[in-house]
Amino acid sequence: MDERYNPSAIEPQLQARWQAAQSFAVREDPAREKFYCLCMFPYPSGRLHMGHVRNYTIGDVIARYQRMQGKNVLQPMGWDAFGLPAENAAIENNIPPARWTRANIDYMRGQLQRLGFGYDWARELATCDPTYYRWEQWFFTQLYARGLVYRKTAVVNWDPIDQTVLANEQVIEGRGWRSGALVERREIPQWFVRITAYADELLTDLDRLEGWPEPVKTMQRNWIGRSEGLSIRFELESGGDALEVFTTRPDTLFGVTYMAVAPEHPIAKQMAEGNDEIAAFLAACAQMSTAESVFEKLEKLGLPLGVNVLHPLTGQLLPVWVANFVLMSYGTGAVMSVPGHDQRDYEFAKLYGLPIKQVIFPAADADPGIANVALTEKGLLGNSAEFDGLDFKQAFDAIAEKLASTGRAERRVQYRLRDWLVSRQRYWGCPIPVVYTDTDTLVPESPERLPVVLPEDVAWQGVASPLLGMPEFTTTTLPGTTTPARRETDTFDTFFESSWYFARFCCPDSDSAMVDYRAKYWMPVDIYIGGIEHAVLHLLYARFFHKLMRDAGLAHGDEPFTRLLTQGMVCKETYFRDTENGKRTYFSPTAVEVATDDKGRAISAQLTADGKAVQIGPVEKMSKSKNNGIDPQTLIDRYGADTVRLYTMFAAPPEQTLEWSDSAVEGSYRFLRGLWRLTFEHTRKAAIGAAAANGLSPELKAVRRRIHETIAKVTDDISRRYKFNTAIAAVMELVNALQRLNGHEVETHRVRQEGLEACVLLLAPIVPHCADSLWEALGNTANSLLDTPWPKVDTTALIRDEIELVVQVSGKKRGIVVVAADAAAAVAESAALADLNVQRHLQGHTVRKVVVIPGRLVNIVID
RNA sequence: GCCCGGGUGGCGGAAUUGGUAGACGCACCGGACUUAAAAUCCGGAGAGGGAAACCUCGUGCCGGUUCGAUUCCGGCUUCGGGCACCA
């Protein structure tokens, strides 16, 4: 053993040994309990960032811990390789996305290996490989056959200069990020997968996901947004198709004073013909972004269309307005407006002087009225003809029945969830396996012709997908014929690839099926670890896809992920400059110098390169687009993988946001160095003398108790609480205690040996390289540390004779008394009353009552 | 705007089921060792008062429940995440 801890020597050596011995390769073994530990695979953006390091360290710690529990542990790794950044790199540097992506994968694979993560690399997959995406093309054709995919128009962000569709991220303040052109809404044909057909199951199955965090389940419930209501048809005064709306509040029907439709609604479009004012309003609305966050903050504006509908019960004429806050993609694109009882309708009515009518009255006597604000709570009906006096439920039923009897309405369950739009007008993605005849009839590809391979050797001209200008790709024939056909140039949303990769990891080499029998052994994933930002979209799509595969006979069980651990963001402040044309350039924190005041707060920042000021932005998730990532490589080079792993686990509990600061890493390095030296000094001296006949001294007994308390705590922290920071703190405390244990007498030596072995085993999942060396140095050469069983608690070592009780007087701590561990309440009480400081506080007061919490405290309540 | 989280010393955080607020670590200060530096070791520290014992205040803000609240409830404030084409 070296006297000094030298990670740069031991880490690569051990990693080479793991690789040579294929230490993390696993196969199915029905005799053993399996554990499938999965982290969300990375997008190969170029280099690992801190979020990756945090994510993959958590996963590796859990995987190695489970392995020491004797389980057959699968921990795979792969690449979510399609996506927008590769196209941006291609446009900027003229590198084909495939080449850029594969180079990034190679580099990042090396970084993961350098961090010592225990992956079964034989299972590595990249979603941009045809061997992977051919199966989702195949699956798509199956879904098509089952009626679960369809084509429909949808609104996209259109850049009129670059002639391309923009992602929401590429729209900055209403303008295209490259061209600066005002973005337009444009309707184009798109592909959808019918997730709404599974909405109910996706919702109800959440109740069975006991291993999922409650907030994530709540977010998914709200996202699916099930509501029960009435679909009501309002006849147009002029005849023609009725205006159909959905409402969850039919009890307010008598309070409807106008109707509102989306700018894309057929009625609005129709009325715009020959009306310049309406046409101009629709044109203005057509400049809105498609992002809901932008849209919801818009000033609510509208215009009367000059048409009326008939109230279905009163026959009263109601004007139809077009309003910028009604979304065509929600429900029918039309809403009935009840300004008396809906705040948004209320504000709109006030703005345009539309009538406001109160038809709901609180059951209680206090009537707040609707003079200043809508009354949105439920109550009793009034001003509602024969329905007056009914409550919500009664009114709902009565109005539903009455409208249904004349065919004007029916009960309906509506979801906020919309069908999944899976087509993208982009190059770097999986081609959608469909061809079109010369009359635009679509025909799905036949299985024999799959995969439809994406051409990788492409040249970029402008910003549009190069597929559009590649007749060798687009020109084809109808499957099974020689009839000419045109190939679809849209590709899949990259969420499509990430919705089933966990199943493919079980059998990545399967070339005759999407997944095979091996998936049955490994699935479901026992713990899935990834960023909280995926709480809804990715995790909902993956659950959906699993159910689709189940219904195709390709998966078992209803849910893919038994437990979910959502790690918090790794955040960092942002730095930027705005240029005249509205563009914003972000600078890396490493390229910026920050001046602080004497309290350590940042007051200004300048770019090191030019010495000129940059603006300090908010603390945000480390990301490529905000350029605020910290490169972990620098830290790995300087301190080694174990220190980086230890620090990221120690800095905060996994579910919490981690605001990165690299100054504290030093402490983790010092700790490992200290443990190393302690072990070195322990092992270079032999035990002295013979064992005493009458057992351990009280001091050594206390150390042994501490050792086993630590084992119990760390086990609980890792396996139940996933609180690695407190697990590490507990080991640090034990090491501090062992450091104070001097001498080499045989009992001392033996207790220290026991303590050091415990520390090494407890730290093994977190700092595997360092632990491996120390384990060997402590004389354990027979077995690999990887498969050494997790230490067990010696419960006899935990027994205490005496304990400390806190004594409070009226809830304030006034002293501590020592009593026997099994002291009765009466004994604890009299000991507490005997305490001098306690007596002082009791003087001149009467004891009202005494609360004794055994083993914890005594609270003496005085008047 | 809507949905979901968070706010505790100079800093990251701890307090697991309502029971000692500040574990562990960083930074800092003082001391030891050293020709010196690095490394290491010992000690200090929430704020205020006091020679000390000890006392008062203190977990974003306001209010409530309780013998007792960082923890539970109501209202606010502020920061972060998501909002369907970033992944």
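Only a predicted model underlies this, so the values are computations on that prediction, with no experimental measurement involved. Below, read A as the first sequence line, B as the second, and so on, with proteins coming before strands; counting in each chain starts at 1.
- Using C1' as the reference atom, B/A45 and B/G22 are 12 Å apart when rounded to the nearest Å.
- Heavy-atom distances to RNA chain B give each of A/R814 and A/I188 a nearest nucleotide, and the one nearer the 5′ end belongs to A/R814.
- A distance below 6.0 Å separates the ring centres of A/F325 and A/F348.
- For B/A23, there is no paired nucleotide, since no Watson-Crick or G-U wobble pair has both relevant distances below 3.5 Å.
- OP1 and OP2 of B/G80 both lie 4.0 Å or more from every side-chain N or O belonging to A/T657.
- Note on A/P653: only backbone sugar-phosphate atoms sit closer than 4.0 angstrom, heavy atoms only; bases stay farther off.
- Within the structure, a side-chain polar atom (N or O) of A/R670 is placed less than 4.0 Å from OP1 or OP2 of B/C26.
- Taking side-chain N and O atoms only, A/N222 has no distance below 4.0 Å to OP1 or OP2 of B/C83.
- Enclosure of atom CZ in A/R226 by more than 12 non-hydrogen atoms of other residues, nucleotides or ligands within 6.0 angstrom is indicated.
- OP1 or OP2 of B/G12 has not a single side-chain nitrogen or oxygen of A/N725 nearer than 4.0 Å.
- Rounded to a whole Å, the NZ atom of A/K723 is 8 Å from the C1' atom of B/A14.
- Here the two rings, on A/F496 and A/W420, have centers that are under 6.0 Å apart.
- In this structure, A/I803 atom CD1 and B/G19 atom P are separated by 16 Å, rounded to whole Å.
- Rounding to whole angstrom units, NE2 of residue A/H534 and P of B/G5 are separated by 19 Å.
- Look at NZ on A/K813: it is 12 Å from C1' on B/C54, rounded to the nearest Å.
- We find that CD1 of A/I532 is positioned 19 Å from P of B/C86, with the value rounded to whole Å.
- Two residues, A/E214 and A/L857, neighbour RNA chain B, and the one matched to the more 5' nucleotide by heavy-atom proximity is A/E214.
- Listed pair A/Q656 / B/G13 meets the phosphate criterion, a side-chain N or O lying under 4.0 Å from OP1 or OP2.
- Across all strands shown, A/Q567 has no heavy atoms under 4.0 Å from either base or sugar-phosphate atoms.
- The partner of B/G5, taking Watson-Crick or G-U wobble pairs whose two distances both stay under 3.5 Å, is B/C79.
- At a threshold of 4.0 angstrom between heavy atoms, the contacts of A/V731 with the nucleic acid are absent.
- In this structure, B/C57 and B/G46 make a Watson-Crick or G-U wobble pair, each of the two defining distances being under 3.5 angstrom.
- Applying the 4.0 Å criterion to OP1 and OP2 of B/C24, one finds that A/K713 has every side-chain N and O outside that range.
- For B/G6, the glycosidic angle deviates from 0 by more than 90°, giving an anti base.
- Here the two rings, on A/F650 and A/F724, have centers that are 6.0 Å apart or farther.
- Distances shown here put every side-chain N or O of A/R856 at or beyond 4.0 Å from the OP1 or OP2 atom of B/C67.
- With a 6.0 Å radius and a threshold of 12 heavy atoms from other residues, nucleotides or ligands, A/R856 has its CZ atom at or below the threshold.
- Using cut-offs of 30° and 60° on the angle between ring planes, the pair A/W500 and A/F545 is parallel.
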Task: Stepwise side chain to side chain donor-acceptor pair (under 3.5 Å) test for A/Y330 and A/E292 - done: CA-CA 11 Å; A/Y330 276 9; A/E292 191 179 313; 2.9 Å; yes
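- If you look at A/Y133 and A/F82, their ring centroids are closer than 6.0 Å.
- The base of B/C85 sits with one of its N or O atoms less than 3.5 Å from a complementary donor or acceptor on the side chain of A/Q425.
- You'll find a donor-acceptor pair under 3.5 Å spanning the side chain of A/R720 and the base of B/U16, going by distance alone.
- Side-chain atoms of A/R426 and base atoms of B/C85 include a donor and an acceptor less than 3.5 Å apart.
- The same atom, P, is picked in B/G46 and in B/G80; the two are 31 Å apart, to the nearest Å.
- Rounded to the nearest Å, the gap between the P atom of B/U20 and that of B/C72 is 15 Å.
- Ranking B/C3, B/C67, B/A84 by closeness to the A/M219 side chain, first place goes to B/C3.
- Of the P atoms belonging to B/C11 and B/A23, the separation is 15 Å, rounded to the nearest Å.
- Phosphate proximity of B/A39 to A/R4: absent, as no side-chain N or O sits under 4.0 Å from OP1 or OP2.
- The residue A/L417 sits close to a base: some heavy atom pair falls under 4.0 Å.
- By the neighbour-count criterion of 12 heavy atoms within 6.0 Å, atom CD of A/E3 is sparsely surrounded, having that number or fewer from other residues, nucleotides or ligands.
- The base-pairing partner of B/C85, taking Watson-Crick or G-U wobble contacts with both distances under 3.5 Å, does not exist among the strands shown.
- Considering only side-chain atoms of A/A651, the nucleotide from B/C85, B/G12, B/C83 that sits closest is B/G12.
- A distance of about 44 Å separates the P atoms of B/A84 and B/A69, rounded to the whole Å.
- As a whole-Å value, the separation of A/E533 CD from B/C4 P is 19 Å.
- For the C1' atoms, the distance linking B/G18 with B/G68 amounts to 8 Å, nearest Å.
- Atom CZ in A/R418 sits roughly 17 Å away from atom P in B/G82 (whole-Å rounding).
- Nearest nucleotide to the A/F495 side chain, out of B/A87, B/C26, B/C24: B/A87.
- Nearest to the side chain of A/R424, among B/A15, B/A87, B/C85, sits B/C85.
- Here, B/U59 and B/G7 have their P atoms 13 Å apart, quoted to the whole Å.
- A distance of about 33 Å separates the P atoms of B/G58 and B/C3, rounded to the whole Å.
- Distances shown here put every side-chain N or O of A/N859 at or beyond 4.0 Å from the OP1 or OP2 atom of B/G19.
- As a whole-Å value, the separation of A/D345 CG from B/G1 C1' is 15 Å.
- For A/R721 and B/A15, the shortest distance from a side-chain N or O to OP1 or OP2 is below 4.0 Å.
- Under a 3.5 Å cut-off, the side chain of A/K300 and the backbone N or O of A/E296 do form a donor-acceptor pair.
- Closest approach to the A/D717 side chain among B/C86, B/C4, B/U16 is made by B/U16 (side chain taken as heavy atoms from C-beta onward).
- Listed nucleotides: B/C85, B/G5, B/C24. Nearest to the side chain of A/E733: B/C24.
- Listed candidates were B/U40, B/G5, B/G1. Nearest to the side chain of A/R673 is B/U40.
- Of all nucleotides listed (B/A87, B/U20, B/A84), B/A87 comes nearest to the side chain of A/L84.
- As judged by a 4.0 angstrom heavy-atom cut-off over every strand, A/F650 is placed among the base-contacting residues.
- Closest to the A/L537 side chain, of the nucleotides B/A87, B/U20, B/G12, is B/A87.
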